[in-house]
Amino acid sequence: MKWKNPAQWLFAIIALTFITPSIMAHDPIFGIGPHVLYKGGIEISPEFHRNKKGPAQEDELGLGLTYGITGDWSAGVELPYTWADNGTNSNNGTGDIRLFTKYRFWRNDQPGIQESAAILLKTKTNTGSNTLSSASANTLGLTYGFEGRSWYRWASLRYQANNKDSTGLKHGNKILIDLVAGVRPNLTGYLEPDTVWLLELNGEYAQQTRLNGTAINNSGGNEWFLSPGIFWTQRNFAVKAAIQVPISSNLKGVQDKTDYRAKLILEWHM
């Protein structure tokens, strides 16, 4: 049976997740945070992403698997399936597999408060379907988080270095900046459902794309987004959702601005 609709895949993964009964610290949704799994812990996280830009739309349904190597170090893999429509042609198939690891190098615990900082390394392979795969890329990130009973705040900085593909095309490297605040309106116990509201400010600075060393005029620039979201948890299960709306764009040449991006993430800790 072939499923061409991302909603069918999402429903199937949600159903599979709930078959086995069994949270957790909080992290931003579009940005990154210093949270890592406990030693020996396993996180299963089906995710749905949408990116709408002009006539083009890309949907991605992914399955993330993370393992806690130690109490401060975790690693994992993301397995995406992608539907892409550029307004004229559409394709679907397996996306590029992504590998990642995060190490929390600093932690300060006080009564009712935890501060921590971590570094992140992420590698995007070029293992996807021919029409959907792009050149490999590596991302190095640094993140800080403050977690209290009522208030949260995070800050992170990432640098994404893109490699050249077989045709000589190299997308511009990116700098990503995230500032995030969160609030828990009602204090709850561990066994009760818990809700934290998030507001993210996400910035992206991209260099121009180059073809065999020559810059492509209609590429590169910067965009800033405001991203309201929700982080809902019940014991070791979480639902995270957010929408990213552009508030400022300064793109080089003639380019479609991002209309919106959306994320829905389910997390289950074993």
Side-chain angles (χ1 to χ4, degrees), residues 5-19 22-35 37 43-53 57-66 76 78-83 95 98 100 102 120 122 143 145 147 150-156 158 176-188 190 192-204 223-247 258-270:
N5 188 326
Q8 292 176 302
W9 285 90
L10 181 61
F11 177 80
I13 291 178
I14 291 173
L16 182 62
T17 299
F18 278 102
I19 286 174
S22 137
I23 207 175
M24 60 186 62
H26 294 66
D27 268 351
I29 299 171
F30 284 100
I32 60 171
H35 167 59
L37 276 178
E43 178 184 284
I44 301 173
S45 55
E47 303 184 8
F48 175 74
H49 303 178
R50 170 167 290 179
N51 186 0
K52 182 75 171 65
K53 179 184 290 187
Q57 177 174 304
E58 182 173 295
D59 293 334
E60 180 182 291
L61 187 61
L63 178 63
L65 301 170
T66 307
E78 295 173 358
L79 309 170
Y81 192 91
T82 303
W83 291 259
R98 297 183 283 265
F100 60 89
K102 186 193 293 185
L120 169 81
K122 190 170 190 174
T143 175
E147 182 172 351
S150 298
W151 294 96
Y152 293 79
R153 58 177 180 266
W154 298 269
S156 64
R158 287 171 283 171
L176 300 103
I177 302 168
D178 307 290
L179 300 172
V180 188
V183 60
R184 175 183 285 113
N186 299 306
L187 300 181
T188 58
Y190 174 73
E192 300 174 294
D194 178 59
T195 301
V196 174
W197 294 97
L198 305 174
L199 185 62
E200 303 187 29
L201 177 65
N202 314 110
E204 297 181 3
E223 290 186 289
W224 283 88
F225 303 88
L226 204 57
S227 313
I230 185 173
F231 197 132
W232 182 90
T233 61
Q234 170 89 50
R235 301 190 67 178
N236 60 336
F237 180 76
V239 179
K240 304 162 65 175
I243 186 165
Q244 196 172 54
V245 181
I247 55 174
T258 299
D259 294 323
Y260 72 91
R261 297 169 182 164
K263 277 190 177 184
L264 172 64
I265 305 171
L266 311 180
E267 285 186 2
W268 176 43
H269 288 185
M270 300 175 63

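What you see below is based on every heavy atom in this structure, not just the backbone, and it leaves out hydrogens, waters and symmetry mates.
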Test salt bridge (Lys or Arg N to Asp or Glu O under 4.0 Å) applied to K263 - qualifying residues, sequence neighbours left out: none
Between CD1 on residue I44 and CG on residue L65, distance to nearest 0.5 Å: 6.5 Å
T233 vs H26 side-chain heavy atoms within contact, under 4.5 Å: yes
S227: partners by side chain to side chain contact (heavy atoms under 4.5 Å, CB included), with sequence neighbours left out: F30, E200, N202, F225, Q244
Taking every non-hydrogen atom, the tightest pair across G229 and I29: CA-CD1, 4.4 Å
Point-to-point distance, once rounded to the nearest 0.5 Å, from CG of L226 to CD1 of I243: 11.5 Å
Close side-chain approach of P228 to L198, heavy-atom, < 4.5 Å: no
SB check D59 K52 (cutoff 4.0 Å): no
Sub-4.5 Å side-chain heavy-atom contact between P193 and W232: yes
Exercise: identify the closest heavy-atom pair between L179 and A155: CD2-CB, 3.9 Å
Distance-minimising heavy-atom pair for L201 and I247: CD1-CD1, 3.8 Å
Non-hydrogen side-chain atoms of R261 and H49 separated by less than 4.5 Å: no
Lys/Arg-Asp/Glu bridge criterion (N-O < 4.0 Å) met for R98, E47: no
Minimal non-hydrogen separation, G33 against D27, with atom names: CA-OD1, 3.2 Å
Minimum-distance pair of heavy atoms, taken over all atoms of I32 and T143: O-OG1, 3.1 Å
Basic-acidic side-chain contact under 4.0 Å: E58, R50: no
E60 CD to Y81 OH distance, which is reported to the nearest 0.5 Å: 12.0 Å
Cationic N near anionic O, under 4.0 Å, D194 to R184: yes
Minimal non-hydrogen separation, G145 against W154, with atom names: CA-CD1, 3.7 Å
NZ/NE/NH1/NH2 to OD/OE distance under 4.0 Å, D178 and R158: yes
Straight-line distance of K240 NZ to S45 OG, nearest 0.5 Å: 8.0 Å
Pairwise side-chain contact, I265 with V239, heavy-atom cut-off 4.5 Å (strictly under): no
Check against side-chain contact (heavy atoms from CB on, under 4.5 Å), L61 and W83: CA-CA 9 Å; L61 187 61; W83 291 259; 3.8 Å; yes
Evaluation steps, side-chain contact (heavy atoms from CB on, under 4.5 Å), between V183 and Y152: CA-CA 6 Å; V183 60; Y152 293 79; over 6 Å; no
W197 atom CH2, over 12 foreign heavy atoms within 6.0 Å: no
Polar contact flag, side-chain donor to acceptor under 3.5 angstrom, E223-T258: yes
Ring geometry between H269 and H35 (parallel below 30°, tilted from 30 to 60°, perpendicular above 60°): parallel
